[in-house]
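Shown next, in structure tokens, is the structure this report addresses.
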Amino acid sequence: MTHDHMTLDQFLQDLDRDIRAEGDWGEVADYIPELGRIDPAQFGMAIALADGQVLTAGQAGQRFSIQSVSKVFALACVLGRIGEQLWRRVGREPSGDRFDSILLLEQEKGRPRNPFINAGALVVTDELLTGRSPRQALAEILAFVRAAAEDDDIHIDKAVARSEAGSGHRNTALVHYLRSFGNLKAPPDHVLGTYIHQCAIEMSCVQLARAGRVIAGLDCAPVLLSPVKQRRINAMMMTCGQYDGSGNFAFRVGMPAKSGVGGGLLVIAPGKASIAIWSPGLDGWGNSRMGTLAAERLAEFTGWSVFG
Ligand code: GLN
């Protein structure tokens, strides 16, 4: 380890201790019963650096449900496939509403505000289903994530998928609503099933940090995305990655990031590092409470805010 790595590693160990001492973990996402059973008092973190080293803290090897972090990888697949045409079907503005809100869809005639709110992510998944079965579309997302992480041991947690399928009434409403505006091509149940399974991909912080290297454009990363696509995805993560909490996150952390209701957080320091944090207790916006705090402390320590 270089001197800089040792300093960062020491910071991570101190951070793990401090986070565990905080005690205010937030609430787990119990609208998906399988996630509702998880103990919120857990924390893991991994930082993949440009030279290929991965530094870790806490439960960095523990697998968790990546949920909406998967929307980043689905977007990457679709941008790779159809590029800019996607923006005809979905916008790129923050919504200022909850991740599962249906409100703006009526006003904006079925064109979701951005690819990270559920309505927008369902359109992205629908696009992935063009000319493909749900099984093939899922295989494409999984193949992308495995190639990005250079790790084939990444799978879907079927129990989580089943659990969400049994309780996903809002997403069911959203796919039908999109369909009513003509902004859904595949059968609604195919889109919903594929989306729920993509959200149920299970990864550890180490795997997620390694997968995020392709978005951070790290020197050690496999080449899966052009620099333009990396920039586009980072811009979406900065402005929309934490839903109606995105402004607060940019204010506190200043790095592009994507959250999931499993408590995962992928944070990008472009050109420098890909960071994965997991702590399943959520704040009022549905973002990991301790994950956000850890990202904020990391940004303060490293100066990795993109705002200098
Ligand atoms: N599968 C979850 C849902 O659609 C993902 C939401 C999230 O992680 N914010 O409700």
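Please read these numbers as outputs of a predicted model, since none were measured by experiment. Counting starts at 1 for both ligands and their atoms, in listed order.
Between Asp283 and Arg289 there is no salt bridge, since none of the side-chain N atoms of the basic residue sits less than 4.0 Å from a carboxylate O of the acidic one. A salt bridge between Arg113 and Glu93 is absent, with no side-chain N of the basic residue lying under 4.0 Å from a carboxylate O of the acidic one. The existence of a salt bridge linking Glu34 and Arg162 is excluded, since no basic side-chain nitrogen approaches an acidic carboxylate oxygen closer than 4.0 Å. Note on Glu84 versus Arg232: salt bridge recorded, some NZ/NE/NH1/NH2 to OD/OE distance being below 4.0 Å.
For the residue pair Asn171 / Asn118, a side-chain donor-acceptor distance below 3.5 Å is found, with atom types taken as modelled. Side-chain contact of Asp153 with His155: a donor-acceptor pair under 3.5 Å is present, judged by distance alone.
Ligand-side atoms of ligand 1 in range of Tyr243: 7 (C), 9 (N), range being under 4.0 angstrom from any heavy atom. Which parts of ligand 1 touch Gly260 is read off a 4.0 Å heavy-atom cut-off, strictly below it: atoms 8 (O). Which parts of ligand 1 touch Gln67 is read off a 4.0 Å heavy-atom cut-off, strictly below it: atoms 1 (N), 2 (C), 5 (C), 8 (O). Atoms of ligand 1 lying under 4.0 Å from any heavy atom of Asn118, numbered from 1 in the order shown and given with element: 3 (C), 4 (O), 10 (O). In the vicinity of Cys199, heavy-atom distances shorter than 4.0 Å reach the ligand 1 atoms 1 (N).
At the top of the distance list for atom 10 (O) of ligand 1, counting protein heavy atoms only, stands Tyr31 OH, 2.5 Å. Of the protein's heavy atoms, Tyr195 OH, 2.7 Å lies nearest to atom 4 (O) of ligand 1. Looking only at heavy atoms of the protein, atom 7 (C) of ligand 1 is closest to Ser68 OG, 2.5 Å.
Of all the heavy atoms of Asn171, the ones lying under 4.0 Å from any atom of ligand 1 belong exclusively to the side chain. At a heavy-atom distance under 4.0 Å, no atom of Arg170 approaches ligand 1.
The shortest N or O to N or O distance between Ser259 and ligand 1 is not under 3.5 Å. At least one N or O atom of Val261 sits closer than 3.5 Å to an N or O atom of ligand 1.
In this structure, Phe64 has its ring center under 6.0 Å from that of Trp278.
Contact between Asp100 and ligand 1 is absent, with no heavy atom of the residue lying under 4.0 Å from the ligand.
Both tests hold for Arg92 against Trp87: distance to the six-membered ring centre under 6.0 Å, angle to the ring axis within 45°.
A side chain to side chain contact (heavy atoms under 4.5 Å, CB included) with Leu49 is found for exactly one of Ile275, Leu55, Val54, namely Leu55.
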